[in-house]
Amino acid sequence: NGILKKEEKDGLYLRQEFNRTIFIWLKDSNVPLIYFNAVTYEKGSFFCIYDGSKVYKYPVANIWRVEDKRTTYAEPK
């Protein structure tokens, strides 16, 4: 699964899970493609998404919007 990072701040442990949810809208689509627990990067003119088993490549010129959501939890110390 995702990478877990813990840090202490103001008497709480902040737990940030890098289990990211990626929403990608292509220019000719009004519904996003959704990838869970994914890592993103650019390679040349492609926006790449790795979901742990497969790499999906989309030409940057065909992308209208990308949204990256991460989760942070606050736990009592």
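From a predicted model like this one, the values you see are computed outputs, not experimental measurements.
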Discussion item. By the salt bridge (charged side-chain N to carboxylate O under 4.0 Å, His left out) test, which pairs, at least two apart or in different chains, include something from residues 44-67?
Written reply: R65-E67, E67-K69
Practice prompt. Please step through side-chain contact (heavy atoms from CB on, under 4.5 Å) for the pair V55 and I49, ending with a clear verdict.
Written response: CA-CA 6 Å; V55 175; I49 301 172; over 6 Å; no
Fill in: Nearest-0.5 Å distance, OG1 of residue T40 to OH of residue Y58
12.5 Å
Item to complete: Assign the ring pair Y35 / Y56 to parallel, tilted or perpendicular, where the plane angle (0 to 90°) is split at 30° and 60°.
Response: tilted
Worksheet entry | Same apolar cluster (I L V M F W Y, side chains within < 4.5 Å links), F23/W64 | yes
Item to complete: Supply the atom-to-atom distance I22 CD1 to F36 CZ, rounded to the nearest 0.5 angstrom.
Response: 10.5 Å
Item to complete: Rounded to the nearest 0.5 Å, what's the gap from CZ on F47 to OH on Y41? Could you check?
Response: 10.5 Å
Worksheet item: At what distance, to the nearest 0.5 angstrom, does CD1 of I24 lie from OG of S29?
Response: 10.0 Å
